[in-house]
Amino acid sequence: MDLQRENILDAHSVWVGKLPKNFFSSSINPKELMGAARKCSLLYVPTYDAQESYVSAAAQSGCAIVFSMCDVAKLSGIKRAILISKMRILLGMCKKYGTNVYVCSLAYKEYEIRNPHERLVFAMYLGMDRKEAKKSLGMLEEKLKGMQ
Amino acid sequence: MKATERFKKRYVHFRVIGNAIVSESEIRNCVHENVLGFFGESGMSKAAFKLVHFEYSKRMGIVRVQRDLLERMVVCLSLVNSIAGKEARLECVRSSGTVASLLRKSK
């Protein structure tokens, strides 16, 4: 199941706005990130800054860190290279602490939605093995089931 | 040439999605520019990249890539977010060892 930023009519997608309260959080403020890592199920950091504080807190609470494909697709050249590098460092830190990872599209428009194969390959490109990548794609369903 | 010496290749079937009207040359240029930007000159030559087939009517195409670099090629094509500044992108559908099987499955 994929996660989108806007309300797109797609059978395999969920809109961020339709998620339960305290399920998804997005911030770049370190204090807010720490709080969100303890409370929320999904944590999205648009800058992809690797900070041990919130990554370890997320690992303890079972929160998953969101990696968006659209963030990378929107950029090009040196900016894209820097963002992918930041994502790889964050992913390495997530692996170190055992934090869950969720790779999704976070699309604004319908055409920006990526299919599961593309997301799987992107996860592997960031540095996951196939097993980890498959697990990371099903993270949203797993978390939603856990809520019920 | 021995079978073991032969260059191992895979073919990736992609399609253009989005409502924007884009011309054939714009799509072809977009594919070439993005692959060159992603792999670089050296990487593109190592990847043995070639746009082997393109059908504008079906908005689909097939690219050739070295087998080891298949996943990178899928990432490269899936990270295209606009074609000539218009709202359209390339979606990787499937990959195969022969063009014939991709064309057969695309029907």
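Here is the naming used below: chain letters follow the sequence lines, and residue numbers restart at 1 for every chain. Computed from a predicted structure; not experimentally measured.
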Might you confirm whether atom [atom1] of [X] has over 12 heavy atoms from other residues, nucleotides or ligands at distances under 6.0 Å?
X: D129(A); atom1: CG; value: yes
X: R72(B); atom1: CZ; value: no
X: K135(A); atom1: NZ; value: no
X: K95(A); atom1: NZ; value: yes
X: E110(A); atom1: CD; value: no
X: I28(A); atom1: CD1; value: no

- prompt: What distance separates Y111(A) OH from L90(B) CG, expressed to the nearest 0.5 Å?
  reply: 11.5 Å
message: Could you measure the distance from the CG atom of L79(B) to the CD1 atom of I84(A)? Nearest 0.5 Å is fine.
response: 6.0 Å
- prompt: By a 4.5 Å heavy-atom criterion (distance strictly below it), what part of V93(B) contacts chain A: side chain, backbone, both, or neither?
  reply: neither
task: Measure A88(B) against the heavy atoms of chain A and call it side chain, backbone, both or neither at under 4.5 Å.
output: backbone
Is it the backbone or the side chain of [X] that comes under 4.5 Å from a heavy atom of chain B, or both, or neither?
X: M69(A); result: both
X: R80(A); result: side chain
X: I113(A); result: backbone

Over all atoms of both residues, closest heavy-atom pair of [X] and [Y]:
X: S78(B); Y: R114(A); value: O-NH2, 2.7 Å
X: C92(B); Y: N115(A); value: O-ND2, 3.2 Å
X: K74(A); Y: N81(B); value: CG-ND2, 3.8 Å

query: Does a salt bridge link E112(A) with R89(B), judged by any charged N lying under 4.0 Å from a carboxylate O?
result: no
- request: Treating Ile, Leu, Val, Met, Phe, Trp and Tyr as nodes and any side-chain heavy-atom pair under 4.5 angstrom as an edge, say whether Y11(B) and F38(B) lie in one connected cluster.
  value: no
- prompt: Any link between L102(B) and V52(B) through a network of hydrophobic side chains (Ile, Leu, Val, Met, Phe, Trp, Tyr) touching at under 4.5 Å?
  reply: yes
field: From CA spacing to verdict: side chain to side chain contact (heavy atoms under 4.5 Å, CB included), E91(B), H117(A)
entry: CA-CA 10 Å; E91(B) 183 189 34; H117(A) 179 240; over 6 Å; no
